[in-house]
Amino acid sequence: MNGVDKIIEDIRREADDANAKVLKDASAQTSAALEAAKKRGDEEASRIHEAGARRCEDIKARAASASQLKRRQMILKKKQELIAETEDKALEAILSMPADEYFDAVVRMAVKNAQTGEGIISFGKKDLDRLPADFESRLSAALPAGKTLKLSKEPAEIGGGFVLGYGGIEENCTFRAVMDAQKEEVQDLICKTLFN
């Protein structure tokens, strides 16, 4: 091997060594880059999984809350229906009481609602038709001094109960109006009876 061949051989060896070093460095950098990319990918996948799990839990919690709200609304609606039905039945029971009991209740209500002075008590047609013959005298005897009520012979456009009139001002004392005026107390009583 002459001197030129030796120089070429040295250059080739140096080039091969340089190539090997470049390839080794490139392989190490590629491995490091792949490892870093894998780590970032794993971290991102973990973050996405955790966010998905949290979102899934939020959706389940909202669904459970909505379901509970719907259930409470359905129960409340049913209770309100039962209360209204009970109110209607109570009113029916009052209106279908025997005449003597019914008009005893009317006298008590008239005494409670009568004002000082002279007034007029008006009934609906159905009540006027079944009015006991002694009703006016019973009512007059029950009213305290200074309060008088005259019976109107004209039927009022009402259901059960009566209307009191004083100088053009009327007070609705129908059983429905009394129940409506005391709605909260009536509903509380019904609720205690039905739901306790």
Side-chain angles (χ1 to χ4, degrees), residues 57-196:
E57 288 302 316
D58 288 346
I59 290 169
K60 286 192 323 195
R62 282 196 306 272
S65 178
S67 174
Q68 289 173 353
L69 176 62
K70 185 77 170 170
R71 182 177 179 272
R72 284 193 305 268
Q73 288 172 336
M74 288 172 61
I75 289 171
L76 178 61
K77 182 180 178 191
K78 190 61 178 172
K79 283 183 175 182
Q80 288 170 336
E81 288 172 3
L82 288 171
I83 289 168
E85 188 179 306
T86 304
E87 286 175 343
D88 290 343
K89 285 183 180 180
L91 184 59
E92 252 180 62
I94 291 168
L95 298 177
S96 62
M97 287 191 306
D100 56 336
E101 291 177 34
Y102 179 85
F103 286 103
D104 283 345
V106 166
V107 168
R108 286 191 302 274
M109 281 177 54
V111 167
K112 181 179 175 185
N113 290 287
Q115 298 176 17
T116 303
E118 187 173 311
I120 297 172
I121 186 167
S122 302
F123 291 97
K125 177 151 179 41
K126 182 179 174 186
D127 284 349
L128 269 178
D129 290 346
R130 68 181 190 144
L131 200 66
D134 65 341
F135 177 76
E136 274 190 279
S137 60
R138 284 174 40 205
L139 179 59
S140 293
L143 287 168
K147 296 181 180 183
T148 57
L149 289 172
K150 299 285 184 205
L151 179 63
S152 171
K153 302 297 182 195
E154 292 297 314
E157 295 293 322
I158 60 172
F162 55 91
V163 174
L164 296 178
Y166 291 93
I169 298 173
E170 292 185 340
E171 182 178 352
N172 186 346
C173 296
T174 60
F175 289 108
R176 174 59 74 189
V178 171
M179 285 179 79
D180 288 346
Q182 297 175 349
K183 193 162 197 73
E184 286 184 22
E185 293 88 351
V186 170
Q187 286 183 351
D188 285 347
L189 180 63
I190 292 170
C191 284
K192 286 177 186 171
T193 304
L194 291 179
F195 306 120
N196 279 349

- Do NZ/NE/NH1/NH2 and the carboxylate oxygens of K125 and D129 come within less than 4.0 Å? yes
- Query: Would you find more than 12 non-hydrogen atoms of other residues, nucleotides or ligands less than 6.0 Å from E101 atom CD?
  - Reply: yes
- Message: On a heavy-atom basis, which atom in T116 and which in K147 lie closest, and how many Å separate them?
- Response: CA-CG, 3.8 Å
- Looking at A105 and M97, what are the two nearest heavy atoms and their distance? CB-CE, 4.2 Å
- Closest heavy-atom contact between A142 and V107? CB-CG1, 3.7 Å
- 4.5 Å side-chain heavy-atom contact, R176 and D88: yes
- In Å and rounded to the nearest 0.5 Å, what is the CD to CG distance from Q115 to L149? 9.5 Å
- Item | Heavy atoms from other residues, nucleotides or ligands near CD1 of I169 exceed 12 (cutoff 6.0 Å) | no
- In Å, rounded to the nearest 0.5 Å, how long is the span from CD of E81 to CG of L76? 10.0 Å
- Taking every heavy atom of R138 against every heavy atom of D100, the minimum-distance pair comes out as NH2-O, 4.1 Å
- Message: Quick check: do D127 and F162 have side-chain heavy atoms less than 4.5 Å from each other?
- Response: no
- Before accepting this row, confirm whether a basic side-chain N of the pair E92/K89 lies closer than 4.0 Å to the acidic partner's carboxylate O. no
- Note on the structure: Rounding to 0.5 Å, atoms CG (L139) and NZ (K150) come to a distance of 10.5 Å
- Set of side chain to side chain donor-acceptor pair (under 3.5 Å) partners for D180, sequence neighbours left out: none
- Query: Just by distance, do the side chain of Y102 and the backbone of G161 share a donor-acceptor pair under 3.5 Å?
  - Reply: yes
- Message: For a quick test of reading the model, state the closest non-hydrogen atom pair linking R130 to L95 and the distance between them.
- Response: NH2-O, 3.5 Å
- Message: By the ring pair (Phe, Tyr, Trp, His ring centres under 6.0 Å) test, which pairs, at least two apart or in different chains, include something from residues 128-159?
- Response: F103-F135, F123-F135
- Is there a donor-acceptor contact under 3.5 Å from the side chain of S140 to the main chain of E136? yes
- Query: Is there side-chain contact between Q73 and K70, with heavy atoms separated by less than 4.5 Å?
  - Reply: yes
- Message: Is there a side-chain contact between S122 and E170 in this structure, where contact means two heavy atoms from C-beta onward sitting under 4.5 Å apart?
- Response: no
- Can you tell me how far CG of L164 sits from SG of C173, rounded to the nearest 0.5 angstrom? 4.5 Å
- CG of L91 to CE of M179: how many Å apart, nearest 0.5 Å? 5.5 Å
- Message: Could you check whether any side-chain heavy atom of L151 comes within less than 4.5 Å of a side-chain heavy atom of L131, counting everything from C-beta outward?
- Response: yes
- Message: Please give me the minimum heavy-atom distance between L143 and V111, naming the atom from each residue.
- Response: CD2-CA, 3.9 Å
